[in-house]
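Worksheet: the structure to be examined is printed underneath.
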Amino acid sequence: MELLFLGTGAGTPSRQRNVTSIALNLHGVRSRCWLFDCGEGTQHQMMRSSVKSGKIEKIFITHLHGDHIFGLPGLLTSRSMNGISDTMTIYGPKGIRSFVETTLSLSGSWLTFPLEIVEIEAGEVFNDEHFRVTAYPLTHPVECYGFRIEEHDKPGALDAERLLADGIKPGALFQQLKLGKTVTMEDGRVVEGKAYLGPATKGVTLAIFGDTSPTPAASELAAGADVMVHEATLEAAMEEKANGRGHSSTVQAAMAAKQAGAKRLIVTHLSSRYLREDSERLLAECREIFPNTEMAHDFSVFRL
Ligand code: ZN
């Protein structure tokens with residue numbers, strides 16, 4: 001899996017940072033992409049990256065502020081003009097349905113693919129064969145969520161050599177054994193799949209925050225996460241201003257990662273007041289508290 005940042009700026013686009021959108025490329029897991037937020041211009045950023053709109057399976061919207069959703073109508077209609085027919089699901093707070101349906105109907109737009117819109121509340125968003133996604137409420141002037149994405153542990157590889165040595169021939173049985181099931185053979189022998197599986201691989205856990213001032217939900221949302229993505233809108237000296245608008249400072253993002261026991265922190269959602277040359281200073285503020293911090297820039301890729 002990898003995280004590709006399409007936009008890393010807060011509020012308004014700047015020459016160096018577009019407004020928020022993060023792509024999670026699932027690659028091997030199911031060759032699909034999930035988007036987290038879709039600020040204005042996200043489809044333009046996609047054209048300059050490896051993200052293809054046809055591959056987007058789900059879009060998670062943290063909150064309805066414009067810098068997180070104004071890219072949605074354009075992205076959806078372009079996807080249709082490209083003739084994509086795969087279903088897409090949008091998850092977001094109450095109101096996301098009205099926003100999408102209103103913009104599409106007022107502009108006389110139509111979609112070539114089934115679009116599901118799920119208005120979420122705090123709690124489990126979905127749980128399928130690969131992932132469990134849970135929404136946590138954050139502290140922001142409008143309803144806003146952070147998402148905890150837990151990949152299920154992957155079963156270990158089947159020891160085919162040992163199976164053959166024990167006289168169990170490849171075929172349909174192997175598929176059952178691979179799933180760890182117990183199978184009765186034609187000769188009456190009972191074979192336990194689990195006995196032939198290597199150690200399971202631990203699934204990856206990600207915590208992707210929406211906009212927030214320091215919030216009690218952080219410790220659970222990001223508990224032990226392999227990667228935590230958190231906003232750092234302003235520098236430490238401007239903490240009060242950041243918090244007054246429902247945002248966090250660099251140091252507060254790092255504190256949240258430390259308290260949650262996250263393994264790695266990526267900060268994003270930087271104010272447009274900051275230029276590229278400010279990055280080192282802002283990053284240093286985070287690293288003083290949480291050394292394993294990186295800063296996302298537009299088109300940054302982080303492998304998980
Ligand atoms: Zn916001």
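Order of appearance sets the numbers: ligands from 1, and atoms from 1 within every ligand.
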Requested in this report: Give every protein N, O or S atom lying under 2.8 Å from the Zn ion (ligand 1), naming each by residue and atom.
Outcome: H63 NE2, H65 ND1, H140 NE2, D211 OD2
Query raised in the report: Charged N to carboxylate O below 4.0 Å: is that the case for R32 and D86?
Result: yes
**Report entry** Y91 ring center near F126 ring center (under 6.0 Å)
**Finding:** yes
Query - Stepwise salt bridge (Lys or Arg N to Asp or Glu O under 4.0 Å) test for R132 and E124 - result: CA-CA 8 Å; R132 175 171 189 250; E124 188 174 283; 2.7 Å; yes
Query - Test log, rule side-chain contact (heavy atoms from CB on, under 4.5 Å), inputs H130 and E151 - result: CA-CA 6 Å; H130 296 130; E151 183 190 14; 5.6 Å; no
Query raised in the report: Is the shortest distance from a Lys or Arg side-chain nitrogen in R148 or E150 to a carboxylate oxygen in the other one below 4.0 Å?
Result: yes
Query - Any residue meeting ring pair (Phe, Tyr, Trp, His ring centres under 6.0 Å) with H269, in chain and number order, not counting sequence neighbours - result: H68, H247
